[in-house]
Amino acid sequence: MTEVRKDIPAISCRDVSVSFGEVSALSDISIDLPLGGIHAVVGQNGAGKTTFARVVAGIVKPDSGSLLINGKKIVLGNVASSRSTGIELVHQSFALPPSFTVAEALEYGSGGGVGFFKKGDLNNRWRRHLEALEMDIDPRHLIQDLPIELQQAVEIARALSSNANILILDEPTAVLSPSGIAGLFKRLRRLRDTGVTIVLVLHKIREIWEIADSITVLRKGKLIDGPMELGRTKPESLTPMIMGAKDFKENISRISDENSDNKVLDQKSISTLPKNKKHALEIDGVSTETTDHEVSLENMSIKVYQDEIVGLADVEGNGQVTLLRVLAGLSDISKGKIKICGQEATHLNLSKRRLLGLRIIPFDRNMEGLSLTSELWENWVASELAVTPLIRWINPMKIKERCKISMSEWDVAYNSPEQKASDLSGGNCQKLILSRELNDEAGMIVAAQPTRGLDIGATNFVWTTLENARSRGCGVLLLSSDLDELFKISDRILVMLSGSIIRELNPPYDLEKAGRAMVGESG
Amino acid sequence: MIEFHEFLVAILRSGTPLIYAALAGVIVHRSGVWHLGLEGIMIIGACVTIIGIVLTNSFIIAILSAIIICIIVSILQWFVIEKLKANQIIVGLGITGIGIGGTAFAVESIFGSLAAISAPFGIPRIGDTFGPYSGLSVLVFIMPFAVFSLWVLLLRSRFGLRLAAAGEHPFAARSVGANPSIMRLIAFCVGGLFCALAGAELAAGSLQIFAQNMVAGRGFMGFAAVIFGGGHPVGSAFAAMFFSIVSVVGIRMQIHFGNFVSHDLLLCLPYIATVLGIWITARAKGRTNSASQISELRVQ
């Protein structure tokens, strides 16, 4: 192990900026993580956590800035340089070739040179290493045959094979079951006690509280605060920092000011007492089976009236994705019922649900919302074709004309309907999706993170659109982990934790209360 | 007994170029690229060897220039795939076209006609001590060692593991500090060396002649052997050997049954065996999940 001094930070990065194309992933980050201990780096998706981890590990080369490890400057964007100072990164999706045996996977990253070996020696050497780490894994097994916990263990064993003194784990809990997480945390604590500095990239607040010694918060590529010692901070103050409601104190006072003389906002408090209104969406006691990849829903009930926007707040990883999959008919439910616009829809597929008026704006517009390699008009008409008979005459000229009209109405900046969707910016992509989904037949809109990654103008456009839909008599369910957004346009907010609705909040909203509710504290 | 020796000599003669081609395909395959340029690079190796012998009267110079030129063409293929991001299938076929057309062009511009060129001598023989096998070239003799060395390099060395990681999971290779692009370059260079040997053995091993398009699909059969052998050096060598046994049996059958069965059909046997071999391997799972199964480089 390289010689280390107590007073020098283990990782010290100065003014590090990274951008991918036009997207800025990290801007002028300066963080000093002290030697020893477990340091959590937290933030939402797209906050730049993974990029930060990869910059330190040398996989991503920053555009500017410098990086000191144990007081020594290292070459940026060079894995070998980072590894030689004792940094090892355990990836979110494990970076082990599936067809390798455990021993081979441990061997290929170690040392330099050609490195000839005998199979028996190789297995024995790595069996000893695994035993020393108290990992019960046969080095002859294939990686692809191992359960995900053991794959992660192998990755950690690989990282620790070369005298690592700084171990970075990127979202290590995302793939693990609760017992797997407990095992991982036990292992990490033991490593910390041997003097290894551990950096954990996380986004679940409960886990941070369980394991971390210090917390660093990133949001939208910027350092919000940190490293803060755990003892000096509270979970409820952390949520707003992660979610982007740090300055929300001002917003709250603004809303309450407006509240006094603004009819719309007055109405909000009334709309929680609906009379003679129909439900646009009724989810009644829905549960899903537990799977490895998704948080399961437990007895979830949500009712959305026609002409209201219901916000669904959760910290990511508490079942948003599962709920959306259930609503889209992609995940099976084990019990419960779903009604859309008053009609039974529990066992209908998505195209039937669309006919009932359900519209979904998915989480990832580039993967689920659009086909980036298809042309604009094809994307635009896709949802219409999905509910019509398979064999039908299609007239592209007519569709393109209609598409043009629609896109102009929705203010999509485009050159021609024959453009590829990948040419559009994020905001225009979202507008294209809105123009497709929010036609007159829409009765219930489920919008998942509809403004993520959008600039202010596009964000406002989306909000106005949802509000207009509400005044037309649509129900809107807004899934978001951005408290600013939820507070701004929701008529009421449901708080979701670990697959259940645990609280309903009504305006005027209280930031502290929301923050506490989202980490599962009462009060 | 003499019959058997003759049979074995024939198999080794026709099988050795195939095996070298398969070895070239194996290392490139494991690095993550389908090596469809084998045919083209192999014919360049054959052509340069014969022209080299004719022009310089030195086998050493001839084989060295064949190796160098084959490596250069391999690097060209790597460059277009890796740096210009072209589809590797199309590039491989393009290299094959360049090889076949380019060798014909070279022969015509040097010798003024497209007729077959014969060289005064070929690859040195292994010598009289080997009895009935004395007529075989030293490249046949070296072949088993080449297979073994490549096996050690690819399956019993850290370098080999990194090469396979670069092919199967480039991000994994990158995250331990190996550059997948450089790994592929090394694979292509070694592949160029083996292609040169394959071409040299084909043209100067027993015939000492270069004719247009004389490789006649052996490069593609070498590639088929790679798939048949699951990307494993020894498995692929045996697959290549199997193809050559089938082709020798086909020739023998022509002698015995030539009057009853169409000889075109018998000449087809190795190709039929290739298709059957691929079909069989498709049913049994291969050892490597090379990235190249999707025919485009994985970039992560």
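Note on naming: letters A, B, ... go to the chains in the order of the sequence lines (proteins, then strands), and numbering restarts at 1 for each one. Below, each value reflects all heavy atoms present in this structure, side chains not excepted, and no hydrogens, waters or symmetry copies.
- The contact between B/Ala165 and chain A is made by backbone and side chain atoms together, counting heavy-atom distances below 4.5 Å.
- Surrounding OH of B/Tyr271 are more than 12 heavy atoms belonging to other residues, nucleotides or ligands, all under 6.0 Å away.
- For A/Ser12, the side-chain hydrogen bond (donor to acceptor under 3.5 Å, both in side chains) test picks out A/Asp32, with sequence neighbours left out.
- Counting heavy atoms from C-beta on, the side chains of B/His169 and A/Phe100 never come closer than 4.5 Å.
- Contact tally against chain A (heavy-atom pairs below 4.5 Å) for B/Ser175, B/Ala173, B/Ala178: the top residue is B/Ser175.
- Within the 4.5 angstrom heavy-atom criterion, atoms from both the backbone and the side chain of B/Leu153 approach chain A.
- A donor-acceptor contact shorter than 3.5 Å links the side chain of B/Glu168 to the backbone of A/Ser99.
- Using a 4.5 Å heavy-atom threshold, the side chains of A/Ile59 and B/Arg174 count as touching.
- A/Leu122 is not listed as a side-chain neighbour of B/Arg156, based on a closest heavy-atom distance of 4.5 Å or more.
- Under a 3.5 Å cut-off, the side chain of A/Tyr108 and the backbone N or O of B/Ala172 do form a donor-acceptor pair.
- Surrounding CZ of B/Phe141 are at most 12 heavy atoms belonging to other residues, nucleotides or ligands under 6.0 Å away.
- Using a 4.5 Å cut-off between heavy atoms, A/Leu89 makes no contact with chain B at all.
- Closest heavy-atom contact between B/Ser157 and A/Phe116: CB-CD2, 3.5 Å.
- Every pair tested for salt bridge (charged side-chain N to carboxylate O under 4.0 Å, His left out) that includes a residue from residues 142-155 of chain B fails, sequence neighbours excluded, so the list is empty.
- Here the closest heavy-atom approach between residue B/Val176 and residue A/Val79 is recorded as C-CG1, 3.8 Å.
- Taking OG1 of A/Thr101 as the start and CG of B/Leu161 as the end, the distance is 8.0 Å to the nearest 0.5 Å.
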